[in-house]
There are 2 protein chains.
Amino acid sequence: MRYFVAVAEELHFGRAAQRLGIAQPPLSRAIGRLERRLNAVLLERSSRAVTLTEAGAVLLREARAALEAVEAAERRTRRAALAPAGEAGVVLVTKAGASSELLAKLLDAHAAEPGAAGVDLLLCGMGEQGPMLRDGRADVALLHLPFDTTAGLDTEELCTEGQVAILPAGHPLAARPHLRTADVTGLPDLPMPRWPGPDGTYPAGPGPRARDHAQLLQLIALGRACWIAPESCRTQLREGLAAVPVPDAPTVTTVIAWPPHSRSRAVAGLVRTAIRVSS
Amino acid sequence: MRYFVAVAEELHFGRAAQRLGIAQPPLSRAIGRLERRLNAVLLERSSRAVTLTEAGAVLLREARAALEAVEAAERRTRRAALAPAGEAGVVLVTKAGASSELLAKLLDAHAAEPGAAGVDLLLCGMGEQGPMLRDGRADVALLHLPFDTTAGLDTEELCTEGQVAILPAGHPLAARPHLRTADVTGLPDLPMPRWPGPDGTYPAGPGPRARDHAQLLQLIALGRACWIAPESCRTQLREGLAAVPVPDAPTVTTVIAWPPHSRSRAVAGLVRTAIRVSS
DNA sequence: GGCGGCGATACCGCACGGGTATCGGCCCAG
DNA sequence: CTGGGCCGATACCCGTGCGGTATCGCCGCC
């Protein structure tokens, strides 16, 4: 199955074999065997190009999920085995620089809990929490709707907040009591920065490139960009930055999420604490 | 991994090997290899009994999910390959005897859709829809909250209804305009029937045993039991049965659900139709 | 028409998975 | 206290399957 995913992604047996660290002929045979076992034609080989069939597209989707599941099984088991005594640590993942206030309260409250498991904090880039939960690198996550997707996860809502525009302190708009989304999205002098996608490339368009929160704030302070962010980030603003409410921007809901089948005591306890501190 | 799940369930290498159709020594070695690969002790063998370690319990949970995922991948691919031309059929699963009115409307409306995929209907027992979706036997399901669990599934709400008590037509309570839950749960002459659990055994207690909807209605008509069910089942009541509203029973919400990663065009179309016919 | 790229096929060797026989520890019965 | 039986681990053997190299066949292109 790993083999099939590699071929389906590369659409090229030679490159896929190289990526897998094996030679091309065994790979051809492995795919052939898989096709016979499923009696399905997965790939259309026309001696010049390889294309996915309908069944192949189905298997690609399903196989990715399946591979993630076995990776998750291995990783979680390894982590559980490392735990010296009693309860194993839980890995909590969240976007770097988001919900820091809530996070601090949660960690404090959880540490004060009597029989609480240890919590390893893991910070990641935007939108990576889902995969992290699915492949076992993390056990529980803080997500922010509507930016993150909760598909396939169990969730509990924690809190909802409005958004603010982050502007250079001296900018004319920074003096306004509030702004509309349209006021800040189309500014020629302060474009919205571009973020790298999951594949590491930047979308085309104007705007400086940033790859984390710190760079973003730096760009704004330098007067090269502006941004719209949840209110709670106000506590992290440094000098030279101003925040102005944007009432018509979508509200942001912070949720705590976990893979549905991994309802361990440790995760359940952390979720309960999160609900308590946020209500 | 299949091997480990078998041993973890049997807690006995010999029986597990028998179940797997292999001899016991290869099984011992396979588990040993797995433990070395994960460097984790999964099972505590005390020469008289086998018990799961903490890490073993984690792996049991995760491995079940992973095995379901690969089964799902194989099944869905096989089904996609069988499809003669164009779009493959979608398998819709629901509890036998539930939501039949909505179901009929949905199937009719979907069939009338221009480019709609074929829909195979699959009826199952209570609470089996989740596993059916997870292991690929079905693609989309109608569930009934709060009885079914939607953990790990994407859902859309379709409709909500109250519940009614189903009683023998001649029973004194059948003449009342409405009842409270307490009125029907503790009746010595009309106990609630018992359902087999997922393992096929019946819980202890009074009440006749039933294994499907038809048997249940038969038991009620015979004056041996009563039941509380969603209102929509009124249309299916045969002679000798009476339905009385139970306003204080929890309302039942019918939802359409699908595995989050299998957002194929066919499933999406069916979901859209379902939302349309139910609103 | 020849060359080059790419997937399939042929053939080979090794290593891993599975089988049988046997050992070693433990509980229990006599 | 000792022997037998249960059960998992170990030893050893064999066959299949997977991976490697060499080569073929097909097609597009210069």
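Letters A, B, ... mirror the listed sequences (proteins, then strands); counts begin at 1.
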For atom [atom1] of [X] and atom [atom2] of [N], their distance in whole Å:
X: B:Ile31; N: D:dT10; atom1: CD1; atom2: P; value: 14 Å
X: B:Gln18; N: D:dC7; atom1: CD; atom2: C1'; value: 14 Å
X: A:Leu27; N: C:dT9; atom1: CG; atom2: P; value: 14 Å
X: B:Phe4; N: C:dG17; atom1: CZ; atom2: C1'; value: 20 Å
X: A:Glu35; N: C:dA8; atom1: CD; atom2: C1'; value: 12 Å
X: B:Leu42; N: D:dA9; atom1: CG; atom2: P; value: 12 Å

Which residues share a salt bridge (Lys or Arg N to Asp or Glu O under 4.0 Å) with [X], sequence neighbours left out:
X: A:Arg276; result: A:Glu113
X: A:Arg15; result: A:Glu10
X: B:Arg61; result: none
X: B:Arg64; result: B:Glu9

Does the side chain of [X] get closer than 4.0 angstrom to OP1 or OP2 of [N] through an N or O atom?
X: A:Arg33; N: D:dC18; result: yes
X: B:Ser28; N: D:dG8; result: no
X: A:Arg45; N: C:dC6; result: no

Q) CH2/A:Trp258 to CG/A:Leu92 distance, rounded to the nearest 0.5 angstrom? A)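 Nearest 0.5 Å value for the CH2-CG distance: 12.5 Å.
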Q: Working to the nearest 0.5 Å, report the span between CD of B:Glu62 and CD of A:Glu71.
A: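 The CD atom of A:Glu71 is 12.0 Å from CD of B:Glu62, to the nearest 0.5 Å.
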Q) What side chain to side chain donor-acceptor pair (under 3.5 Å) pairs are there with at least one residue in residues 138-147 of chain A, not counting sequence neighbours? A)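 Only A:Arg76-A:Asp139, A:Arg79-A:Asp139, A:Lys95-A:His144, A:Ser99-A:His144 qualify under side chain to side chain donor-acceptor pair (under 3.5 Å).
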Q) Of all residues at least two apart in sequence or in a different chain, which pass the side-chain hydrogen bond (donor to acceptor under 3.5 Å, both in side chains) check with A:Arg37? A)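 A:Arg37: side-chain hydrogen bond (donor to acceptor under 3.5 Å, both in side chains) contacts with B:Glu74.
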Which atom pairs, donor and acceptor, lie under 3.5 Å between side-chain atoms of residues 117-124 of chain A and protein residues at least two apart or in another chain?
none

Q. Between residues 7-17 of chain B and DNA chain D, which residues have a heavy-atom gap below 4.0 Å?
A.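 The stretch gives B:His12, B:Phe13, B:Gly14 as the residues lying under 4.0 Å from the strand, ordered by number.
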Show me the protein contacts with nucleotides 19-21 of chain C, counting only N or O atoms at under 3.5 Å.
residue, atom, partner, partner atom, Å
C:dG19, OP2, B:Ala23, N, 2.8
C:dG19, O6, B:Arg29, NH2, 2.8

